[in-house]
Amino acid sequence: MQTVLVTGAAGFIGFYVSKRLLEQGHFVIGYDNINDYYDVHLKWMRIHLLKKYEYFIFYQADICDQILLEEVVKRHKIQRIIHLAAQAGVRYSLENPEIYIESNIIGTFRILEVCRKFKIYKLMYASSSSVYGDIQEEKLTLDLKTDFPISLYAATKKTDELLAYTYSNNYGINTIGMRFFTVYGPYGRPDMAYFSFIDKILNDETIDIYNYGRQYRDFTYITDLLDGIFGIFQSQNDIADGLSNYKIYNIGNGNPTNLMTFVETLEKIIGKKARKNLCEKRMGDVERTYADITEIQNLCHYSPKFSIKQGLLEFYNWYQIYRKERIKDEKV
């Protein structure tokens, strides 16, 4: 049993990571500023579910607040950190760059500093498939160069990896970067395409399909992602404190889906045709993501189980309940 600080605990992935840690008997200190980038009602819904566990404590605070962050780490004698807090969204970064520099770069710097200062030698942090840029390789392998990000969001995630390397090399902190590939599932982010598409189809609104539907995404269901994260978490148990071990892993499905196939799958699940508006490719969007998951498979026998049809069906079943609750709240 360990005491783990989870930043971004009110977020989609942070919620599930915290939940599984608690189910395994760990103490979890959740940390999140609950910003209004998307529906705060959904964020608080996740936190209220976590508060049902005896060993969960939550702080609504900013990771850039160095004084409070250090106080929390010291008070709870944090042993490990899973750093998931970040300003999400590729396109939003084109409109609001400053918040990405503050949250994603300065925030990660603060986390690395508390690791150094309080001798926390095991850190896992979220990176992104976006660091690969819009390269033409079929599979995104870990040996590819990531020097040409096409969005500010991607640039901040690449910076996080560089910061982690420096702290790992200089201070013996074991840092594990996790490049996530388009994660989806129940309690997911409303700004993601699968969430907004379902909402618009049900409301007879037109959905914009960019790059005329020619884009491919390696969609990763949340349960599969958790299997990868916790495979890494368990493997870190075998690493001695203070021994530098800088690693990065892709965590994806390893089976990209065409955007038009994705929409057609949604239509079949909902039982309703979408009104489609085919559009040009947007700034910051990459053509294709396809995770090479060989490294994480070698580490922990990682094996994604959810097809896009299974995953979207699970999400839709949850979404119907969530939508009814939101409509009820709006009428009150």
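Positions are given from 1, in the same order as the sequence printed here. The analysis underlying the following values was restricted to heavy atoms, covering all of them including side chains, and did not include hydrogens, waters or symmetry mates. Only a predicted model underlies this, so the values are computations on that prediction, with no experimental measurement involved.
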Asks: Just by distance, no angles: are the side chains of Tyr37 and Asp191 close enough, under 3.5 Å, to form a donor-acceptor pair?
Replies: yes
Asks: Any carboxylate oxygen within less than 4.0 angstrom of a Lys/Arg side-chain nitrogen, looking at Glu113 and Arg116?
Replies: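 Yes, charged N to carboxylate O under 4.0 Å.
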Asks: Between Tyr316 and Tyr319, what is the ring plane arrangement, given parallel below 30°, perpendicular above 60°, and tilted in between?
Replies: parallel
Asks: Is a side-chain N or O of Ser168 found less than 3.5 angstrom from the main chain of Ile173, in a donor-acceptor match?
Replies: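 Answer holds: yes.
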Asks: Taking the six-membered ring of Phe56, is NZ or CZ of Lys51 closer than 6.0 Å to its centre and within 45° of its axis?
Replies: no
Asks: Between the side chains of Lys276 and Glu267, is the shortest nitrogen-to-carboxylate-oxygen separation below 4.0 Å, so that they form an ion pair?
Replies: yes
Asks: Name the one of Phe12, Trp44, Phe15 that satisfies ring pair (Phe, Tyr, Trp, His ring centres under 6.0 Å) with Tyr187?
Replies: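 The residue from Phe12, Trp44, Phe15 that satisfies ring pair (Phe, Tyr, Trp, His ring centres under 6.0 Å) with Tyr187 turns out to be Phe15.
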Asks: Atom OG1 in Thr108, atom OH in Tyr167: separation rounded to 0.5 Å?
Replies: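 It comes to 11.0 Å.
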Asks: Can you confirm whether the side chains of Gln236 and Asn174 place a donor and an acceptor under 3.5 Å from each other?
Replies: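 The answer is no; no qualifying pair exists.
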Asks: Is NZ or CZ of Arg80 both nearer than 6.0 Å to the six-membered ring centre of Tyr121 and within 45° of the ring axis?
Replies: no
Asks: With His26, which of Gln79, Gln2, Arg20 fulfils side chain to side chain contact (heavy atoms under 4.5 Å, CB included)?
Replies: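 Result: among Gln79, Gln2, Arg20, Gln2 is the only option passing the side chain to side chain contact (heavy atoms under 4.5 Å, CB included) with His26.
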Asks: Please report the interatomic distance CG(Leu123) to CD1(Ile176), rounded to the nearest 0.5 Å.
Replies: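 Going from CG on Leu123 over to CD1 on Ile176, the span is 9.0 Å.
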Asks: Looking at Ser103 and Ile99, would you say the former's side chain and the latter's main chain have a donor-acceptor pair under 3.5 Å?
Replies: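 Here the side-chain-to-backbone pair does not exist.
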Asks: Is it true that Glu264 and Thr261 share a donor-acceptor pair across their side chains at a distance under 3.5 Å?
Replies: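 No donor-acceptor contact under 3.5 Å links the two side chains.
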Asks: Can a salt bridge be assigned to the pair Glu161 and Lys157 using a cut-off of 4.0 Å between side-chain N and carboxylate O?
Replies: no
Asks: Between Asp134 and Arg288, does any NZ, NE, NH1 or NH2 come within less than 4.0 Å of an OD or OE carboxylate oxygen?
Replies: no
Asks: Between Arg179 and Asp292, does any NZ, NE, NH1 or NH2 come within less than 4.0 Å of an OD or OE carboxylate oxygen?
Replies: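 So Asp292 does not pair with Arg179 through a salt bridge.
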Asks: Mind checking whether Phe315 and Tyr194 have ring centres under 6.0 Å apart?
Replies: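 Ring centroids of Phe315 and Tyr194 are less than 6.0 Å from each other.
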